[in-house]
Protein chains: 2
Amino acid sequence: MVVLTSESITPHSREADSKVRSTRIRSAIRGDFDQAQEQIAALVPQPLDPSRSYSAQIHAILRDPIVRGHLPPGAALSEASIAAAVGTSRTPVREALQHLVQEQLVQVYPQVGTRVAPLRVALIREGCFVRRTLECANLLDVVNTITGAQREEIRSLLSRQQAALHDGATDALFQADEEMHRRLFEFAGRSRVWTLIAGTKLHLDRVRWLLLDRIKGHAERILREHTTIVERLMANDTAGFCSEMQKHIDAVAVHLLELRSCLPESYFSD
Amino acid sequence: MVVLTSESITPHSREADSKVRSTRIRSAIRGDFDQAQEQIAALVPQPLDPSRSYSAQIHAILRDPIVRGHLPPGAALSEASIAAAVGTSRTPVREALQHLVQEQLVQVYPQVGTRVAPLRVALIREGCFVRRTLECANLLDVVNTITGAQREEIRSLLSRQQAALHDGATDALFQADEEMHRRLFEFAGRSRVWTLIAGTKLHLDRVRWLLLDRIKGHAERILREHTTIVERLMANDTAGFCSEMQKHIDAVAVHLLELRSCLPESYFSD
DNA sequence: TCTTGCATACTACCATGCAAGTATGGTAGT
DNA sequence: ACTACCATACTTGCATGGTAGTATGCAAGA
């Protein structure tokens with residue numbers, strides 16, 4: 001497959017220079033839209049709930065498989081196919097796709113097609129910076145105010161992770177992980193900061209799910225790191241906490257390179 | 001006008017309990033949708049450019065006046081009115097509004113109306129945390145790698161701010177300010193971190209524009225602080241830089257309280 | 001064999017119409 | 001005077017149709 005570089009094609013730009021793009025690259029944008037329909041249809045769990053917004057439900061249905069890698073970078077997402085798969089008109093599908101565009105999970109090429117966005121190395125690298133910076137800064141405040149009950153809650157979330165790993169339930173492991181980090185922000189009255197991070201975390205999670213499938217013992221490593229981090233937290237060792245947290249988050253960026261060598265180059269960009 | 005509290009009404013929730021909301025509060029949601037049309041029409045500079053996406057253009061047309069306070073919190077934004085004002089159908093207007101919803105600048109109450117979101121104190125307070133944390137952390141890296149030319153660029157952006165203040169051009173002042181901060185991230189290869197911050201900065205800017213109108217000498221104070229910050233940067237005094245930057249950004253949160261006393265309570269939330 | 005041109009089938013974008021839900025103002029009944 | 005009710009005029013959510021732009025594959029020509 002021809003590589004889609006972000007230099008050659010800028011999504012949603014109708015500028016004059018779009019005329020001069022080579023046909024060779026353009027043809028890479030279209031292509032396998034045919035298999036899209038059944039691929040999407042398999043993701044729809046059940047008929048949509050008419051009492052809730054269709055757009056929101058479709059957004060959720062699409063986002064999860066993108067982040068988890070079931071819809072790989074470059075996968076075609078045509079409005080009509082998805083609409084047929086979920087059983088609605090194209091309108092709510094379109095709104096869901098626009099939402100995903102803003103999250104930078106898909107790219108729309110006007111009049112051409114919509115595709116799952118590649119893994120953008122720069123986005124991931126900078127996402128690591130944002131996460132580790134905000135989480136460390138937040139923790140410096142939390143350690144001064146944390147209560148015994150809150151300590152206990154964190155500890156219990158860690159043991160939930162251990163149990164999940166033991167059962168091989170990576171879903172539950174990730175969920176407990178997410179909740180642990182979120183709670184640390186809520187302890188400092190910063191729940192909205194976490195929702196901000198959650199937006200950038202989407203891109204880090206795309207890498208993490210891929211790593212989980214390809215790299216042996218990855219889940220074990222995650223849990224080991226979490227354990228170390230919580231130990232530092234319990235010991236009020238903020239410096240140690242920050243350095244461990246930093247290593248833990250930046251591991252995504254480090255392993256990204258390794259991932260790049262065993263996956264199609266078209267999965268990546270930047 | 002009746003206060004719209006976020007506890008009483010959750011946007012875009014079609015849950016069963018929506019039936020029990022009191023009529024008194026609901027009636028506050030609708031109301032002055034009549035004056036919306038001409039209010040919006042005054043904001044449209046010229047006919048839209050058909051060669052670019054209508055949605056994006058409408059989004060830009062609406063966002064600026066919201067951030068600047070020309071469309072105050074609570075202002076009605078009905079799809080039909082805006083569509084008539086800009087001369088398109090409701091579809092691209094709808095997409096622009098959805099975009100603004102994601103930026104948390106407007107709230108949509110299904111089947112009731114769409115309004116400019118109030119100034120959310122928590123969002124602003126936590127936005128300050130995000131900005132000061134990321135900007136300080138970024139600068140710790142920048143000071144080690146900054147070149148002479150980059151130093152000169154920052155200095156020139158500061159003098160552009162001085163010139164703008166002298167001319168009373170607050171627009172140009174804000175623009176140069178924004179570019180200065182953005183460049184500091186680009187120096188470290190983190191342009192995407194800045195776009196992330198720009199999203200939270202929207203809410204801080206809403207406060208800043210209001211302050212600029214109400215508080216005498218506010219522009220002068222901003223420039224004074226910028227000057228101090230750049231001085232610290234030039235002197236490689238990173239600790240001083242961070243503390244000044246912190247004061248500068250947190251000033252928004254501090255003055256927010258003061259602003260709350262001289263503006264309708266309905267402008268605020270949380 | 002290779003290139004060029006064109007019909008065709010797709011795409012996303014936008015316009016329009018309908019449906020479901022909600023606030024408002026007037027009216028009938030108490 | 002006051003309350004309950006209902007017609008009406010809004011709102012947003014969704015469905016559908018038309019349009020401009022793009023890739024593809026075939027056919028005609030060099």
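Model, not experiment: these values are computed from the prediction. We name chains A, B, ... by the order of the sequence lines, and we start the count at 1 in each one.
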| task | Heavy atoms only: give me the nearest B/P73-B/R206 pair and the separation to one decimal. | result | CG-NH2, 3.6 Å
Grab the N/O contacts between the protein and nucleotides 15-17 of chain D below 3.5 Å, and write none if there aren't any.
from: D/dA15; atom 1: OP2; to: A/S89; atom 2: N; distance (Å): 2.7
from: D/dA15; atom 1: OP2; to: A/S89; atom 2: OG; distance (Å): 2.6
from: D/dA15; atom 1: O5'; to: A/S89; atom 2: OG; distance (Å): 3.4
from: D/dA15; atom 1: N7; to: A/T91; atom 2: OG1; distance (Å): 2.9
from: D/dT16; atom 1: O4; to: A/T91; atom 2: OG1; distance (Å): 3.3
from: D/dG17; atom 1: O6; to: A/R90; atom 2: NH2; distance (Å): 2.4

| said: Is a donor from one side chain sitting under 3.5 angstrom from an acceptor on the other, for A/H203 and A/Q104? | reply: no
| request: Please check the phosphate of D/dT12 (OP1 and OP2 only) for any side-chain N or O of B/R94 closer than 4.0 Å. | output: no
| task | Using whole Å, report how far CD of A/Q111 lies from C1' of C/dT11. | result | 7 Å
| query | Among D/dG13, D/dT11, C/dC13, which is the nearest nucleotide to the side chain of B/A80? | reply | D/dT11
| request: Answer yes or no for B/R260 and B/Y267: cation-pi contact, defined as NZ/CZ to six-membered ring centre under 6.0 Å and angle to ring axis within 45°. | output: no
| Where do A/S191 and A/E186 come nearest, in terms of heavy atoms and distance? | CB-CG, 3.9 Å
I'd like a table of atom pairs between the protein and nucleotides 6-8 of chain D - only N or O on both sides, under 3.5 Å - with the distance next to each one.
none

| note | Atom CD of B/E79 and atom P of C/dT16 are separated, to the nearest Å, by 15 Å
| remark: Taking every heavy atom of A/S89 against every heavy atom of A/V93, the minimum-distance pair comes out as O-CG2, 3.7 Å
| remark: To the nearest angstrom, the CG-P distance between A/L77 and C/dC10 comes to 18 Å
| note | Taken to the nearest whole Å, CG/A/D49 to C1'/D/dC14 is 15 Å
| message | Please tell me whether A/Y109 and A/Q107 have a donor and an acceptor in their side chains that are separated by less than 3.5 angstrom. | response | yes
| task | Look at the side-chain N and O atoms of A/T114 and state whether any lies under 4.0 Å from the OP1 or OP2 oxygen of C/dT11. | result | no
| field | Whole-Å distance separating the CZ atom of B/R115 from the C1' atom of D/dT12 | value | 14 Å
| request: Answer yes or no on whether B/R120 is positioned over the face of B/F268, meaning its NZ or CZ is under 6.0 Å from the six-membered ring centre and within 45° of the axis. | output: no
| task | Name the orientation class of the two ring planes belonging to B/W194 and B/F185 (parallel below 30°, tilted from 30 to 60°, perpendicular beyond 60°). | result | tilted
| Expressed in angstrom and rounded to an integer, what is the separation of B/R52 atom CZ from D/dG21 atom P? | 16 Å
| message | Using every non-hydrogen atom in the two residues, find where B/D171 and B/W209 come nearest and quote the distance to one decimal. | response | OD1-CH2, 3.6 Å
| message | Less than 4.5 Å apart, side chain to side chain, heavy atoms only: is that true for B/H181 and B/D177? | response | yes
| Spacing between A/Q107 atom CD and C/dT11 atom P, to the nearest angstrom | 18 Å
| note | B/S53 has its side chain closest, among C/dT22, C/dC14, C/dT11, to C/dC14
| task | Name the closest nucleotide to the A/S55 side chain, picking from D/dC14, D/dG13, D/dT22. | result | D/dC14
| task | Could you state the atom-to-atom distance from OH of B/Y109 to C1' of D/dG13 in whole Å? | result | 18 Å
| query | Side-chain donor-acceptor pair under 3.5 Å between B/H59 and B/E103, yes or no? | reply | yes
| task | Give the stems involving DNA chain C, where a stem is 3 or more consecutive Watson-Crick or G-U wobble pairs (i with j, i+1 with j-1, and so on) under 3.5 Å. | result | C:1-30 with D:1-30
| said: Under the criterion side-chain contact (heavy atoms from CB on, under 4.5 Å), I'd like the reasoning laid out for A/L77 against A/L71: C-alpha separation, chi angles, the key distance, then a yes or no. | reply: CA-CA 9 Å; A/L77 298 171; A/L71 284 174; 4.1 Å; yes
| Who are the ring pair (Phe, Tyr, Trp, His ring centres under 6.0 Å) partners of B/F187, not counting sequence neighbours? | none
| Tell me, which of residues 60-67 of chain A have any heavy atom that sits under 4.0 Å from an atom in DNA chain C? | none
| side-chain hydrogen bond (donor to acceptor under 3.5 Å, both in side chains) involving B/R94 - partner list, sequence neighbours excluded | A/E95, B/E79
